[in-house]
Amino acid sequence: MTMKLYFDPHSRSQVAKWMLDEAGVDYEIVTTLIKDKAHKTPEFLKINPAGKLPALVDGRTRVFENAAICMYVAEKFPGKRLAPFPGSPDRGRYLSLMVYSTSQLEPAMGDCLLKIRSNNRARGWTDFEAAKDAVERELGDGPYLFGAQFTAADVMIGSMLIWHRAFGGILNRPKLDAYVNRLRGRPKGMKFG
Ligand SMILES: N[C@@H](CCC(=O)N[C@@H](CS)C(=O)NCC(=O)O)C(=O)O
């Protein structure tokens, strides 16, 4: 059975699509437009109770949240080598970066773009400058987060930095700018709109 990606081109659905395209696997796009409120129908809320895009349906399995979708795809197709193997020394850092991308980097980037200023550390994420420091440390000499191996962590972390640029943000970090250029230059790199 073909996987179904519930997708609005003008949304973070592009992150899950990028992952599926990098994996080079078959999937069907189910266009679900936010402007039509198609993500708030009772049918869609049974797939993603949060009423947000994207979501992936694979037979009886439903997956929502980009990080979960990327991890699901990497795990379903281990031969595509889009994640360090379970049990390998890099696996812990991989899982950490996947969660970090959405629990810290994504809200920090959102605050930056929306010009929300708060130094209340109790909320669980840092400001965007500190998040950029963390990504730079993890990227090391690159070219990807796991050296020469491109992984789902590059999709999740990289897509946040790509969005930031797309919305007019300036990273002001030569190393991260070069990383964004490298990711955007990939043949199956994330597209917009
Ligand atoms: N952390 C979520 C974010 C999903 C999300 O916020 N999607 C937006 C589109 S970019 C959405 O569906 N917004 C419509 C709404 O909340 O009504 C993920 O990565 O999947």
Side-chain angles (χ1 to χ4, degrees), residues 3-23 25 27-58 61-77 82-83 94-116 118 123-128 130-132 134-135 138 145 150-169 179-180 183-184 188-193:
M3 291 183 288
K4 290 187 166 113
L5 176 65
Y6 289 76
F7 178 85
D8 179 328
H10 305 286
S11 79
R12 287 172 174 85
S13 309
Q14 296 287 5
V15 179
K17 183 172 187 304
W18 181 16
M19 180 69 191
L20 287 160
D21 290 343
E22 291 281 357
V25 295
Y27 64 95
E28 180 191 324
I29 288 208
V30 182
T31 302
T32 310
L33 297 180
I34 293 172
K35 74 173 174 54
D36 296 340
K37 297 200 168 32
H39 60 313
K40 302 293 183 195
T41 61
E43 295 73 34
F44 186 75
L45 292 174
K46 283 186 196 148
I47 297 170
N48 182 355
K52 283 184 175 286
L53 292 164
L56 185 78
V57 171
D58 183 17
T61 301
R62 61 189 170 92
V63 196
F64 51 93
E65 288 289 325
N66 269 313
I69 294 171
C70 290
M71 289 194 280
Y72 180 82
V73 171
E75 190 176 298
K76 184 177 165 91
F77 303 100
L82 288 165
Y94 163 73
L95 294 174
S96 305
L97 288 173
M98 293 304 283
V99 174
Y100 180 85
S101 68
T102 194
S103 63
Q104 297 218 32
L105 182 60
E106 183 174 14
M109 187 206 71
D111 285 351
C112 172
L113 285 179
L114 297 170
K115 301 192 177 7
I116 295 168
S118 168
R123 67 189 174 161
W125 64 89
T126 58
D127 60 71
F128 192 44
K132 285 194 268 184
V135 174
E138 288 299 308
L145 287 159
F150 175 87
T151 68
D154 295 298
V155 172
M156 281 306 298
I157 301 248
S159 59
M160 292 305 138
L161 302 180
I162 292 171
W163 285 124
H164 179 261
R165 184 188 284 183
F167 282 102
Y179 177 52
V180 169
L183 293 171
R184 293 214 57 190
K188 295 177 177 173
M190 189 166 73
K191 305 287 179 293
F192 299 97

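In each ligand, atom 1 is the first atom listed, and ligand 1 is the first ligand listed.
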K.L.:
Do N66 and T102 have side chains that get closer than 4.5 Å, going by heavy atoms?
P.N.:
no

K.L.:
Please list, in number order, the atoms of ligand 1 under 4.0 Å from a heavy atom of K40.
P.N.:
15 (C), 17 (O)

K.L.:
Tell me whether K40 contacts the main-chain N or O of G51 through its side chain, where contact means a donor paired with an acceptor under 3.5 Å.
P.N.:
yes

K.L.:
Near P54, which atoms of ligand 1 are under 4.0 Å from a heavy atom of that residue?
P.N.:
20 (O)

K.L.:
Checking a contact table here: which protein heavy atom is nearest atom 19 (O) of ligand 1, and how many Å away?
P.N.:
N66 ND2, 3.2 Å

K.L.:
Checking a contact table here: which protein heavy atom is nearest atom 3 (C) of ligand 1, and how many Å away?
P.N.:
R12 CD, 3.6 Å

K.L.:
Among all protein heavy atoms, pick the one closest to atom 12 (O) of ligand 1 and tell me residue, atom and distance.
P.N.:
L53 N, 2.9 Å

K.L.:
To the nearest 0.1 Å, how far is atom 16 (O) of ligand 1 from its closest protein heavy atom, and which atom is that?
P.N.:
K52 NZ, 2.7 Å

K.L.:
Using a 4.0 Å heavy-atom threshold (strictly under), name the region of V15 that reaches ligand 1: side chain, backbone, both or neither.
P.N.:
neither

K.L.:
Going by heavy atoms in the side chains, are Y100 and L105 under 4.5 Å from each other?
P.N.:
yes

K.L.:
Considering the heavy atoms of H39, write down every atom of ligand 1 situated less than 4.0 Å from one of them.
P.N.:
14 (C), 15 (C), 17 (O)

K.L.:
Does a donor on one side chain and an acceptor on the other come within less than 3.5 Å for W18 and Q14?
P.N.:
no

K.L.:
Quick one: does E106 get a heavy atom under 4.0 Å from ligand 1?
P.N.:
yes

K.L.:
Keeping D8 on the side-chain end and I34 on the backbone end, is there a donor-acceptor pair under 3.5 Å?
P.N.:
yes

K.L.:
Would you indicate whether the side-chain heavy atoms of L20 and F77 approach each other to under 4.5 Å?
P.N.:
no

K.L.:
Is a side-chain donor-acceptor pair under 3.5 Å present for Y72 with D58?
P.N.:
yes

K.L.:
Among protein heavy atoms, which lies nearest atom 1 (N) of ligand 1, and at what distance?
P.N.:
E65 OE1, 2.8 Å

